[in-house]
Enquirer: 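I'd like to ask some things about the structure below.
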Amino acid sequence: MRFTISSTALSSRLVALSRVINSKNSLPILGDFLFEVSEGRLNLTASDSEVVMNTSMELNDADSNGRFCVGNHDLLEAVKGISEQPITFEVNQDENIARINYQNGMFSLPVENAEEYPQAQQVSEGATTITLSSQLLSDNINRSIFATAQDELRPVMNGIYFDLTPDCLSVVASDGHKLVRNKIFTVKSEQPAAFILPKKPASLLKNVLSKNGGDVVIRFDERNAEINFEDGQIICRLIEGRYPNYNSVIPQSNPNQLTVDRAGLLSALRRVQPFSNDSSNLIRFRVENGVLQLDAEDYDFSKTATERMNCDYNGMPMSIGFKGSSFIEILSNFDCEQVVIQLADPSRAGLVLPAEQPENQDVLMLMMPMLIND
């Protein structure tokens, strides 16, 4: 079998697929890429047994159809070093060798039988289907994934929760201390359904979805999800279990409302945070008479920092503590000019919202307060 393909096009696809492959695999062949040539197109697949990602690309030419597997590391390193040019694969499956020829040289690698490559688990016939634009899905994953947990005792918290209702699709992530909830009003279903997408396929999607890549179609049942996007597909096993009732922890009435420049507050927090205690990372927010004051202190090392900035505030004077690094993460995952911080009292969760919501969406982030000693 012989086929020719662009070196940079192949390299970019292999780099994306390589993120699926683990350094240690239960089956040695899972350290390989699966190549499938059919009707002038090349289908590439990578798997870790729970996540399968494949992508399709056009070939310059091919003399026949066929399938083979080749180790990921050596091929990826070799192809990455080749400048843009056609490269030709000559695969001899009797000798189990692939010879790759390019302008100034060639290299050869052993190949393995594609029949040994494990098949992906398919989604059942009665699966639920969601369709949304790639940019919308990418934005929501980017906005949510930082809030997922790393909790072996509660694995349901380690993924992004997609909650489809008659009103909207809610995309939720939480680690118990912070929470992100994005409502997408253009996606809804009279038949409620939900799934928890693990962090790894979510990260893969974040990297491969393009801003103008058309629609993404997600089909899911109780165990698996199949996500089809431009020139590719991810099939993954879902996290099984019941996601907590996230709506019950979102306060319905936080009357004290603070509006502040997002970039200004983010910069101030980054300057103040290094002076906070390393173990607690506590930063005190004092707000009164249109002034927000940030205080950090670490008396063990005689360090303190204070910074003030103007804001628009319509509530009672308040002093509330938040974890500095988490608040920085929250602000970093907005792309608006101003944010609104809604507070009730120093013991209840604070809400952070964009001053202007994205079209047909409702974005909300929640931050649990920390105890402060006045």
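Small disclaimer: the values here were computed from a predicted structure and weren't measured. We use all heavy atoms of the structure for the numbers below, so side chains are in, but hydrogens, waters and symmetry mates are not.
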Enquirer: Counting distance only, does the side-chain N/O of Q357 pair as donor-acceptor with the main-chain N or O of V363 below 3.5 Å?
Expert: yes
Enquirer: Is it true that the side chains of Q273 and N281 contain a donor and an acceptor less than 3.5 Å apart?
Expert: yes
Enquirer: Between D163 and T165, is the side-chain contact (heavy atoms from CB on, under 4.5 Å) condition met? List the steps.
Expert: CA-CA 6 Å; D163 187 14; T165 69; 3.9 Å; yes
Enquirer: Could you check whether any side-chain heavy atom of F162 comes within less than 4.5 Å of a side-chain heavy atom of L197, counting everything from C-beta outward?
Expert: yes
Enquirer: Where do T4 and I87 land on the side-chain contact (heavy atoms from CB on, under 4.5 Å) test, with the steps shown first?
Expert: CA-CA 6 Å; T4 304; I87 58 175; over 6 Å; no
Enquirer: Whether the R99 and S108 side chains hold a donor-acceptor pair (N or O, under 3.5 Å, no angle test) is what I'd like checked.
Expert: no
Enquirer: Would you check if the side chain of D48 reaches a backbone N or O of N22 as a donor-acceptor pair within less than 3.5 Å?
Expert: no
Enquirer: Quick check against the 3.5 Å criterion: does N113 have a side-chain atom that pairs as donor or acceptor with the backbone of E116?
Expert: no
Enquirer: Using side-chain hydrogen bond (donor to acceptor under 3.5 Å, both in side chains) as the criterion, list what pairs up with T306, not counting sequence neighbours.
Expert: D295
Enquirer: Apply side-chain contact (heavy atoms from CB on, under 4.5 Å) to the pair T128 and Q191, showing each step before the final yes or no.
Expert: CA-CA 9 Å; T128 304; Q191 195 70 31; over 6 Å; no
Enquirer: Ignoring hydrogens and geometry, is there a side-chain-to-backbone donor-acceptor pair from N256 to A344 under 3.5 Å?
Expert: yes
Enquirer: So which atom in I145 and which in K206 form the shortest heavy-atom distance, rounded to 0.1 Å?
Expert: CG2-NZ, 4.4 Å
Enquirer: Is the distance between the ring centroids of F35 and F89 less than 6.0 Å?
Expert: yes
Enquirer: Do the side chain of D221 and the main chain of A127 share a donor and acceptor less than 3.5 angstrom apart?
Expert: no
Enquirer: So which heavy atom on V52 is nearest to which on S47, and how close?
Expert: CG2-OG, 3.5 Å
Enquirer: For the residue pair V180 and F146, establish whether any side-chain heavy-atom pair is separated by less than 4.5 Å.
Expert: yes
Enquirer: Hey, does T8 have a side-chain heavy atom less than 4.5 Å from the side chain of S83?
Expert: no
Enquirer: Report the C-alpha separation of R181 and D362 in whole Å, then their side-chain angles, then the decisive distance to 0.1 Å, and conclude whether the salt bridge (Lys or Arg N to Asp or Glu O under 4.0 Å) test is met.
Expert: CA-CA 8 Å; R181 187 205 63 194; D362 180 12; 3.4 Å; yes
Enquirer: Per the salt bridge (charged side-chain N to carboxylate O under 4.0 Å, His left out) rule, which among R284, R271, R270, R286 passes with E307?
Expert: R271
Enquirer: Hey, does the side chain of N92 reach the backbone of I97 with a donor-acceptor pair shorter than 3.5 angstrom?
Expert: no
Enquirer: We want to know whether N158 and T148 form a side-chain donor-acceptor pair, criterion being a heavy-atom distance below 3.5 angstrom.
Expert: no
Enquirer: Could you pull out the closest heavy-atom pair between Q122 and I235, with the gap in Å?
Expert: NE2-CD1, 4.1 Å
Enquirer: If you round to the nearest 0.5 Å, how far is NE2 of H177 from CE of M370?
Expert: 9.0 Å
Enquirer: Could you walk me through whether L238 and R223 pass the side-chain contact (heavy atoms from CB on, under 4.5 Å) check?
Expert: CA-CA 5 Å; L238 299 173; R223 292 180 58 84; over 6 Å; no
Enquirer: Passes side-chain hydrogen bond (donor to acceptor under 3.5 Å, both in side chains), S279 versus N277? Steps please.
Expert: CA-CA 6 Å; S279 59; N277 181 275; 2.4 Å; yes
Enquirer: Which distance, rounded to the nearest 0.5 Å, do you find between the CD of Q93 and the CD of E112?
Expert: 12.0 Å
Enquirer: Could you report the tightest heavy-atom contact between S7 and V79, atom names first, then the distance?
Expert: O-CG1, 3.7 Å
Enquirer: Say whether S144 and N182, considering side chains only, have a donor N or O and an acceptor N or O under 3.5 Å apart.
Expert: yes
Enquirer: Taking atom NZ as the centre, does K323 end up with more than 12 heavy-atom neighbours from other residues, nucleotides or ligands that are less than 6.0 angstrom away?
Expert: no
Enquirer: Report the distance from atom CD1 of I184 to atom SG of C168, rounding to the nearest 0.5 Å.
Expert: 8.5 Å
Enquirer: Mind checking the CG-CG spacing from N140 to L169? Nearest 0.5 Å is all I need.
Expert: 7.5 Å
Enquirer: Do the side chains of L292 and F285 get nearer than 4.5 Å, heavy atoms only?
Expert: yes
Enquirer: Is it true that a side-chain atom of S138 and a backbone atom of S134 form a donor plus acceptor pair closer than 3.5 Å?
Expert: no
Enquirer: So, are R67 and E115 salt-bridged, with charged N and O less than 4.0 Å apart?
Expert: yes
Enquirer: Taking S18's backbone N and O only, do any of them form a donor-acceptor pair with N72's side chain (distance below 3.5 Å, no angle check)?
Expert: no
Enquirer: Classify the angle between the aromatic ring planes of Y102 and F107 as parallel (below 30°), tilted (30 to 60°) or perpendicular (above 60°).
Expert: tilted
Enquirer: With distance as the sole criterion, is a donor-acceptor pair present between the side chains of Y299 and E297 under 3.5 Å?
Expert: yes
Enquirer: Counting distance only, does the side-chain N/O of D175 pair as donor-acceptor with the main-chain N or O of A149 below 3.5 Å?
Expert: no
Enquirer: Does the side chain of P358 reach to within under 4.5 Å of the side chain of R143, using non-hydrogen atoms?
Expert: yes
Enquirer: Any chance the side chains of D345 and S347 put a donor and an acceptor closer than 3.5 Å?
Expert: yes
Enquirer: Is any NZ, NE, NH1 or NH2 atom of the basic residue among R13 and D231 found under 4.0 Å from an Asp or Glu carboxylate oxygen of the other?
Expert: yes
Enquirer: Hey, are D215 and T131 close enough side-chain-wise for a donor-acceptor pair under 3.5 Å?
Expert: no
Enquirer: In the hydrophobic clustering (ILVMFWY, side-chain contacts below 4.5 Å, transitive), which residues join V249, or is it alone?
Expert: V156, M157, Y161, V172, L179, I196, I239, Y243, Y246, I250, L351, L353, L364, L366, M368
Enquirer: Please assess E84 against S6 for the test side-chain hydrogen bond (donor to acceptor under 3.5 Å, both in side chains), listing each intermediate value before the final yes or no.
Expert: CA-CA 7 Å; E84 167 53 27; S6 157; 3.0 Å; yes
Enquirer: Could you pull out the closest heavy-atom pair between F327 and M367, with the gap in Å?
Expert: N-CE, 4.0 Å
Enquirer: Does E222, at its CD atom, have more than 12 non-hydrogen atoms belonging to other residues, nucleotides or ligands within less than 6.0 Å?
Expert: no
Enquirer: Is there a salt bridge (Lys or Arg N to Asp or Glu O under 4.0 Å) between K200 and E50 once you walk through the steps?
Expert: CA-CA 10 Å; K200 183 172 180 176; E50 293 197 351; over 6 Å; no
Enquirer: Report the distance from atom OG of S276 to atom CZ of F322, rounding to the nearest 0.5 Å.
Expert: 15.0 Å
Enquirer: Can you list everything that forms a side-chain hydrogen bond (donor to acceptor under 3.5 Å, both in side chains) with Q233? Sequence neighbours excluded, please.
Expert: N54, N228
Enquirer: Is any NZ, NE, NH1 or NH2 atom of the basic residue among E337 and R262 found under 4.0 Å from an Asp or Glu carboxylate oxygen of the other?
Expert: no
Enquirer: Shortest non-hydrogen contact from R219 to T129?
Expert: CG-OG1, 3.6 Å
Enquirer: Crowded around R308 CZ? As in, over 12 foreign heavy atoms under 6.0 Å?
Expert: no
Enquirer: Above 12 or not: heavy atoms from other molecules or residues under 6.0 Å from CD of E77?
Expert: yes
Enquirer: Which value, rounded to the nearest 0.5 Å, describes the distance between I218 atom CD1 and L164 atom CG?
Expert: 10.0 Å
Enquirer: Establish, from distance only, whether the side-chain atoms of T88 and N101 form a donor-acceptor pair under 3.5 Å.
Expert: no
